[in-house]
Amino acid sequence: MMTDLLSKLQTPTKLQTPIVATLAEKQQESPGIYTLHLALETNSSFDFAFGQFNMLYLFGLGEVPISIMGWQHDLLLHTIRAVGRVTQPLVALDIGAQLGLRGPFGQGWPLRQLEGLDLVFITAGLGCAPVVAAIHYAVENRSKYGRIVILQGVKHHNDLLWQPQYERWRDLGDCQVLLAASEEKKRKYHWRLGMVTELLALAQFDSSHCAVLMCGPEIMMLAALKQLAKHQVSDKSVYLSLERNFQCGHGSCGHCQLGPYFVCKDGPVFHYPQIKSWFGLAGV
Amino acid sequence: MDKGFLSRQQFPALYQVLSKAGYEVIGPTVKDGAIVFVPLAGFEQLPTGWQEQVSPGHYQLEQTAGQRCFYWNTGPQALKPWLFKPEQHLWQAEQTAAGLCFRQTPEQAQPRAFIGLRGCDLAALNIHDQHFLNGVLPDPYYQAQRQQLFIVAVNCARSADTCFCVSTSDGPAATVGFDILLDELETGFLVASGSDQGEVIIQQLPLAKAQTKQLSEAKQQLQAATYQQRVMPDEQQLLKLVDRLDHPQWQDVAERCLACGNCTLVCPTCFCSKQESHSDVKGQQAEQVRLWDSCFSEQHSYIVGKVFRPEISQRYRQWLTHKLATWQQQFERSGCVGCGRCISWCPVGIDLIEEAQALLQGEADDD
Ligand SMILES: Cc1cc2nc3c(=O)[nH]c(=O)nc-3n(C[C@H](O)[C@H](O)[C@H](O)COP(=O)(O)OP(=O)(O)OC[C@H]3O[C@@H](n4cnc5c(N)ncnc54)[C@H](O)[C@@H]3O)c2cc1C
Ligand code: SF4
Ligand code: SF4
Ligand code: SF4
Ligand code: FES
């Protein structure tokens, strides 16, 4: 029996079956964190939006969702923190090693739509790849945006990825970089002690004409949302990137559900008002 | 829809015609105390005279002296495992001299005719079509099986104690999505086609013209099947479940629920899956395999350093709120087709209607 649904064409296989990616270059960002530069089997450039992700496959071990950090010199960039079964051997690969890649998937940051606004980036912990990717874009397109404020919280000073980049961003002009370490006893130059959310008091931006881009642990984002409200930032100005268990990456496996949303296809970047009633609830 | 009559003696002709047309005929039979769908060698394998007794936590077949083959309502599974398979090979990775290469695993499909599907089964099929074919990426494995599917549906002539398809508007009549529709009477079958392919098949059957008496007998028994004891609250009511996330009833049900996931496995609309990577001993070939999964497992919501739903109350809540409420936002209807399977196959007899009612009770006036 045929229905209209069946007449659809078969889909591009790079989303369903991996393509080959070859590790061309690898650089260590900080202990346990590496940026992989991948050459793809196709010659054409890889179309993606910052905030989208790929499913990276390591032979015989499985797939993991990883944000797209950028495209440079015909290579695709992914920054990966070694935490478990797949990611540990993934960052240990030698140059020339091959892996599988499916993607890109999901909704990225609406960066075009945000042109003209002050941009406030808030991240904490190490899970901040989607926001760092967006910072890269904003810095490259500096003239299209107002002030840039980068708020980053980590446990220890040394956990900060891309330390030199933060220094460079600081010198961009009209760019404020505020860093906080929550489990450090001694304050370092340019650093505060405490939570990232406390940095908001120091941030200078136009709360009625801004966009806030966040990712990190959900508890941190909830705390930041409270602070933002205190600073008269409307919910409508807030975007956040979420993490869930991803098995398929395209709305089929059901693992990433948050209420009615599939985080993989409706997100991982969400406009906050869309998910407000579901975000931060325990056990959802 | 014109209906013809096929006598009970001539009923096997349907098997012959379908086989001759190249279909593998899949139908219900009794196996290990339950009605299951298998490839049939002939219609003598149909569950003639069998009926089921079902109640929460309970499913039992009984042989009667009756001649009817479809005087039962559901077994644990119908179509779901044939289209969305419990184990699906997705693609292979191979380490060759030239490097790594990936190949999508071709899906072997052949024309299959399913006989004996009910209104609820077809409603569930429609939901899975939406999910697997109309999503971001049509699922090629589901699609391959689905394209070759021929459906012989049966209107229910009775309903079981756990049925509530009337309240979900999915039965007891099969109304869309079939190629041939049967009404089983004492002496034979009313037969109608629902598609061009169905018409081609019924043209080859030794049909008599249906008599008025037979048509009204079919109508009466269908009417009898609509008298169901169980009623699911309507969809508007069910949407309110998402405003009850803190209700003490979740804790109450968690004390009874074993988190075994049976309900999600027998539910014809559940679609969750996980993936595993299997490799050979030499480490040259690996295969990506998709397996049925359930939101009742702790792994379902695992990410590094966190399980989003560690408590059974939260997992039961995911099942019930997804099935009955958030499903409506995803698919524009509830995910429940009223088949009652999750009620009879729950080892501790948890009844989703009772749970939904308890959750909605007392606060029904806060529209
Ligand atoms: C949208 C998105 C973007 C991400 N971007 C990055 C990134 O750019 N860099 C980075 O280092 N990490 C990123 N992560 C987290 C990364 O996916 C996990 O660290 C990784 O899946 C852990 O896998 P593992 O096998 O090493 O760990 P294990 O703990 O051994 O995990 C086993 C399996 O559980 C699942 N799983 C575990 N943790 C996560 C998780 N956090 N998210 C989703 N699935 C998980 C995976 O299927 C994984 O294979 C991202 C996650 C998501 C959802
Ligand atoms: S929720 Fe239960 S009654 Fe409803 S369709 Fe699923 S198994 Fe059948
Ligand atoms: S989340 Fe649970 S209820 Fe929803 S489809 Fe998956 S297994 Fe079924
Ligand atoms: S409700 Fe019943 S079938 Fe479902 S997980 Fe709990 S005990 Fe198992
Ligand atoms: S990752 Fe499979 S549905 Fe979202």
Side-chain angles (χ1 to χ4, degrees), chain A residues 1-6 8-13 15-22 41 57-63 81 83-84 86-87 97-100 105-106 127 217-218 243-262 264-265 277-278 281-284, chain B residues 90-91 93 95 99-104 129-140 143 146-147 149-151 177-179 195 197 242 245 271-279 283 286 288 290 293 295 299-305 308-311 313-314 317-318 321-322 326 329-330:
Chain A
M1 230 204 51
M2 293 287 288
T3 71
D4 325 344
L5 295 183
L6 290 174
K8 272 204 183 168
L9 291 172
Q10 292 266 336
T11 45
T13 62
L15 299 178
Q16 223 118 36
T17 302
I19 56 168
V20 178
T22 307
E41 67 183 30
Y57 168 78
L58 193 54
F59 183 82
L61 283 179
E63 293 185 312
R81 179 176 166 228
V83 290
V86 178
T87 47
Q98 292 184 318
L99 50 138
F105 293 115
E218 292 189 8
E243 275 193 35
R244 283 295 182 277
N245 186 303
F246 286 6
Q247 299 286 306
C248 67
H250 53 76
S252 179
C253 75
H255 274 256
C256 64
Q257 291 178 83
L258 170 70
Y261 305 107
F262 293 90
C264 65
K265 80 174 161 85
S277 61
W278 289 97
L281 300 177
V284 169
Chain B
L90 300 177
W91 41 264
Q95 308 266 21
L100 190 59
C101 72
F102 292 98
R103 234 173 314 117
Q104 183 169 323
D129 283 352
Q130 294 299 328
H131 181 68
F132 288 108
L133 301 174
N134 211 20
V136 178
L137 299 175
D139 185 89
Q143 189 172 34
R146 181 68 178 91
Q147 266 165 337
L149 195 63
F150 185 94
I151 294 172
F178 51 79
D179 297 289
S195 71
Q197 291 102 304
V242 302
L245 300 181
F271 52 69
C272 280
S273 64
K274 63 181 173 190
Q275 293 191 14
E276 284 180 3
S277 187
H278 299 165
S279 54
Q288 193 75 358
R290 180 176 78 186
D293 202 3
C295 57
Q299 289 295 311
H300 192 274
S301 64
Y302 165 85
I303 70 166
V304 171
F308 283 95
R309 301 182 202 104
E311 307 290 335
S313 59
Q314 296 161 344
R317 189 175 68 183
Q318 170 62 19
T321 54
H322 184 215
T326 54
Q329 286 153 278
Q330 295 170 348

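Chain naming here is simple, since letters A, B, ... match the order of the sequence lines and numbering starts at 1 in each. Side-chain atoms are counted along with the backbone in the values below, which use heavy atoms only and exclude waters and symmetry mates.
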ask   = B:E311 versus chain A, heavy atoms under 4.5 Å apart: side chain, backbone, both or neither?
value = neither

message = I'd like to know if the side chain of A:Q98 and the backbone of A:T22 have a donor-acceptor N/O pair within less than 3.5 Å.
response = no

task = Check each atom of B:Q299 against the heavy atoms of chain A and say whether the ones under 4.5 Å are side chain, backbone, both or neither.
result = backbone

ask   = Which one, B:Q95, B:H278, B:Q329, B:Q318, leads in non-hydrogen pairs under 4.5 Å with chain A?
value = B:Q95

Region of A:E218 in contact with chain B, defined by heavy-atom distances below 4.5 Å = side chain

ask   = Within the distance-only criterion (no hydrogens, no angle test), does the side chain of A:N245 pair as donor or acceptor with the backbone N or O of B:I303 below 3.5 angstrom?
value = no

task = State plainly whether the residues B:D139 and B:R146 are in salt-bridge range, i.e. N to O under 4.0 Å.
result = no

Distance-only polar pair, side chains of B:E276 and B:Q288, donor-acceptor under 3.5 Å = no

request  = Using non-hydrogen atoms and a 4.5 Å limit, figure out which bit of B:H131 sits close to chain A: side chain, backbone, both or neither.
outcome  = side chain

request  = Return yes if some donor-acceptor pair links the side-chain N/O of A:T17 with the main-chain N/O of B:W91 below 3.5 Å, else return no.
outcome  = no

key: Region of A:V20 in contact with chain B, defined by heavy-atom distances below 4.5 Å   = both

remark   = Residue from A:R244, A:E63, A:H250 scoring the most non-hydrogen pairs under 4.5 Å with chain B is A:R244

note = Counting heavy-atom pairs under 4.5 Å with chain B, the top scorer among A:L61, A:L281, A:L58 is A:L61

message = Can you tell me which portion of A:F262 sits under 4.5 Å from chain B's heavy atoms? Options are side chain, backbone, both or neither.
response = side chain

A:Y57 ring center within less than 6.0 Å of B:F102 ring center = yes

note = One option among B:R309, B:Q275, B:H300 has the most heavy-atom pairs under 4.5 Å with chain A, and it is B:H300

message = In the structure I gave you, are the side-chain heavy atoms of A:H255 and B:D293 within less than 4.5 Å of one another anywhere?
response = yes

